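One structure below.
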Amino acid sequence: MPTERFQFTGEGGHQLSAALELPDGEPAAFALFAHCFTCGKDTLAAKRIAVALAAKGIAVLRFDFTGLGSSEGDFANTTFSSNVADLVRAADHLRSVRKAPSVLIGHSLGGAAILAAAGQIPEARAVVVIAAPSDPAHVTGLFREHIDNIRTEGEVEVSLAGRPFRIRREFLDDIAEHELMKDVTGLHKALLVMHSPVDDTVGIDNATKIFVAAKHPKSFVSLDHADHLLTKPTDALYAADVIAAWASRYIDAAKPAKVVDLPEAPRQVVVQETRKSKFNQTITVGPHRLVADEPVAAGGEDAGPGPYDFLLAGLGACTSMTMRLYADRKSMPLDRVTVTLKHSKIYAKDCAECETREGMLDQIERDITMDGALDAEQRKKLMEIADKCPVHRTLTSEIRIVTKAID
């Protein structure tokens with residue numbers, strides 16, 4: 001089975017080293033794997049699970065977090081939050097070059113990071129955590145005797161698994177702020193918890209807390225007799241077998257259903273905060289993923305269109321599409337439609353034809369350019385058709401918005 005090796009840009013701007021394990025044929029799905037604390041993409045568990053899943057048709061992307069393995073950057077500058085951000089970047093890269101991951105897998109602290117990142121990867125349907133702590137701060141137990149010095153001196157070199165790593169005060173502060181159980185209770189994705197009852201690094205009670213906090217669908221599989229790092233090949237292969245069988249239900253569910261001889265049902269639009277900045281949002285519509293933000297002047301970072309920009313875009317697209325349908329049906333020589341829109345607030349008293357006479361009103365200016373050898377009558381008719389587009393009718397009619405809180 002082929003392995004593609006490449007680099008992508010992490011959250012801190014560093015080049016991160018990645019490997020994509022591919023099946024011999026077309027992948028049934030793509031998965032993203034997060035390795036354990038201070039480990040790397042080529043640890044025995046990560047590689048064995050990735051290769052075994054690829055053999056079952058699931059492509060797996062694994063990568064070295066910033067400052068580890070072959071990735072650029074300084075480990076001392078990383079935090080739990082930066083690891084989560086790198087996971088989101090990895091999913092973004094996979095989405096851009098192949099397909100977004102529908103399965104997320106995390107081992108040890110990588111499992112905690114996967115749980116924290118899952119909400120920012122809307123295409124993911126199934127989440128798997130292996131030997132994961134219920135609180136990211138659990139990892140500080142590996143160097144508990146150095147914590148006071150780290151807080152006092154700001155940075156201390158510690159030995160983990162026989163290798164030196166520099167841990168900074170910022171790492172401790174960041175990891176203490178995360179409330180992972182909130183991410184678990186708000187996961188809204190299928191969850192598989194895998195843990196060994198004899199794990200002496202991350203106790204089985206962590207699996208219990210994660211499982212109890214999660215909402216259904218959720219599953220637990222015991223990795224009997226396995227150590228924390230799944231160093232025995234049979235343990236890693238067993239984990240891969242279980243993951244592939246369990247995830248198959250959700251991989252199938254992630255595929256769009258084909259409807260025959262029936263009108264297509266309206267697609268849901270899902271908008272979710274990314275928490276990358278004050279206003280940054282992801283917008284998911286079926287297989288499509290967009291980004292929304294506010295301009296810098298409004299307190300955002302201008303990483304994407306604003307809410308009113310999307311409103312105008314919807315009206316403009318509907319206008320152009322409606323005109324195109326009519327022109328083609330009537331065989332009009334319409335080459336191209338360009339719709340330019342602007343939203344503003346005006347005083348009601350300045351609008352002679354408006355019913356409202358006091359206060360401010362919303363005004364949308366829509367300029368339409370029609371290219372083609374159209375005569376005056378055809379242009380007039382197309383302008384009339386523009387006002388009949390469904391979004392135009394929605395915006396100019398009575399609208400009922402039903403809002404409810406979902407637990």
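Quantities reported herein were computed from a predicted structural model and do not represent experimental measurements. No hydrogens, no waters, no symmetry mates; every other heavy atom, side chains included, goes into these values.
Counting heavy atoms from C-beta on, the side chains of L191 and L115 come closer than 4.5 Å. Put simply, the side chain of L109 reaches to within 4.5 Å of the side chain of P136, judged on heavy atoms. The side-chain heavy atoms of T79 and I175, taken from C-beta on, include no pair separated by under 4.5 Å. Put simply, the side chain of E301 does not reach to within 4.5 Å of the side chain of K276, judged on heavy atoms. No side-chain heavy atom of V402 sits less than 4.5 Å from a side-chain heavy atom of K404. Between M383 and I368, some side-chain heavy-atom pair lies under the 4.5 Å cut-off. Using a 4.5 Å heavy-atom threshold, the side chains of K99 and L94 count as separate. You'll find the side chain of L172 reaches within 4.5 Å of the side chain of F143, heavy atoms only.
A distance below 6.0 Å separates the ring centres of F63 and F65. Close placement of the F6 and H93 rings is indicated, their centers lying within 6.0 Å of each other.
Within 6.0 Å of the OH atom in Y347, the count of heavy atoms belonging to other residues, nucleotides or ligands does not exceed 12. The environment of NZ in K189 is crowded: more than 12 heavy-atom neighbours from other residues, nucleotides or ligands sit within 6.0 Å. Enclosure of atom NZ in K209 is not indicated, since only 12 or fewer non-hydrogen atoms of other residues, nucleotides or ligands lie within 6.0 angstrom.
Taking each heavy atom of A54 and P23 in turn, the nearest pair found is O-CB, 3.1 Å. Closest non-hydrogen pair, R89 versus G10, comes out as NH1-O, 3.5 Å. Across every non-hydrogen atom of S219 and W246, the tightest pair is OG-NE1, 3.3 Å. Scanning both residues, H35 and D64, for their nearest heavy atoms gives NE2-CA, 3.8 Å. Counting all heavy atoms, side chain and backbone alike, L22 lies closest to A59 at CD2-CB, 3.8 Å. The two residues P101 and I121 come nearest to each other via the heavy atoms CG-CG2, 4.1 Å.
In this pair, H107 and H228 present their aromatic rings tilted. The plane angle is within the 30 to 60° band. Ring-plane geometry between Y308 and H343 is classed as parallel, the angle between the planes falling under 30 degrees on a 0 to 90 degree scale with a further cut at 60.
Note that K41 lies outside the cation-pi zone of F33, set by a 6.0 Å cut-off to the ring centre and a 45° limit from the axis.
One finds the CG atom of N77 at 9.5 Å from the OG1 atom of T66 (value rounded to the nearest 0.5 Å). Taking CG from L312 and NZ from K342, the interatomic distance works out to 11.0 Å, rounded to the nearest 0.5 Å. With rounding to the nearest 0.5 Å, the separation of CZ in R168 from CG in D174 is 13.5 Å. Put simply, CD1 on I147 and CZ on R169 are 13.5 Å apart, with the number rounded to the nearest 0.5 Å. Between the CG atom in L104 and the CG atom in L32 there is a gap of 6.0 Å [rounded to 0.5 Å]. Atoms CD and CG, on E179 and D135 in that order, are 9.5 Å from each other to the nearest 0.5 Å.
A salt bridge links D241 with K56: the closest approach of a Lys/Arg side-chain nitrogen to an acidic carboxylate oxygen falls below 4.0 angstrom. Note on D92 versus R95: salt bridge recorded, some NZ/NE/NH1/NH2 to OD/OE distance being below 4.0 Å.
Side-chain atoms of D199 do not come within 3.5 Å of backbone N or O of I204 as any donor-acceptor pair. In terms of modelled atom types and a separation under 3.5 Å, the side chain of D86 and the main chain of E11 share a donor-acceptor contact. Put simply, the side chain of R98 never gets that close to the backbone of S96: no donor and acceptor are under 3.5 Å apart. Side chain of S196 to main chain of V198: a donor-acceptor pair is present (N/O by atom type, distance under 3.5 Å, no hydrogens or angles). Using a distance-only test at 3.5 Å, with no hydrogens or angles considered, a donor-acceptor pair links the side chain of K218 to the main chain of F211. Distance alone, capped at 3.5 Å, is enough to place a donor-acceptor pair between the D309 side chain and the G306 backbone.
For C39, the disulfide (SG to SG under 2.5 Å) partners at least two apart in sequence or on another chain are C36. Under the salt bridge (charged side-chain N to carboxylate O under 4.0 Å, His left out) criterion, E273 pairs with R275, sequence neighbours left out.
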### Query
What's the verdict on side-chain contact (heavy atoms from CB on, under 4.5 Å) for Q363 and S344, showing C-alpha distance, side-chain angles and the deciding distance?
CA-CA 5 Å; Q363 176 171 286; S344 60; 4.1 Å; yes
### Message
Between L290 and F310, does the side-chain contact (heavy atoms from CB on, under 4.5 Å) criterion hold? Intermediate values first, please.
### Response
CA-CA 10 Å; L290 308 170; F310 280 106; 3.8 Å; yes
### Task
Would you sort out whether L223 and I130 count as a side-chain contact (heavy atoms from CB on, under 4.5 Å), showing the intermediate values?
CA-CA 9 Å; L223 299 174; I130 305 169; 4.0 Å; yes
#### Entry: Worked verdict on H195 versus V202 for side-chain contact (heavy atoms from CB on, under 4.5 Å)
CA-CA 9 Å; H195 214 110; V202 179; 3.8 Å; yes
### Query
Under the side chain to side chain donor-acceptor pair (under 3.5 Å) criterion, do H14 and S71 qualify, and how do the steps go?
CA-CA 8 Å; H14 301 293; S71 289; over 6 Å; no
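There is a side-chain donor-acceptor pair under 3.5 Å between Q15 and T9. Side chains of E21 and T3: a donor on one and an acceptor on the other come within 3.5 Å.
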Output a table of donor-acceptor pairs, distance under 3.5 Å, between side-chain atoms of residues 318-332 and any protein atom two or more places apart or on a different chain; print 'none' if there are none.
residue, atom, partner, partner atom, Å
T319, OG1, L315, O, 2.7
T319, OG1, R366, NH1, 2.9
T322, OG1, C318, O, 2.7
R324, NH1, D328, OD1, 3.1
R324, NH1, L334, O, 3.0
R324, NH2, L334, O, 3.1
R324, NH2, D335, O, 3.4

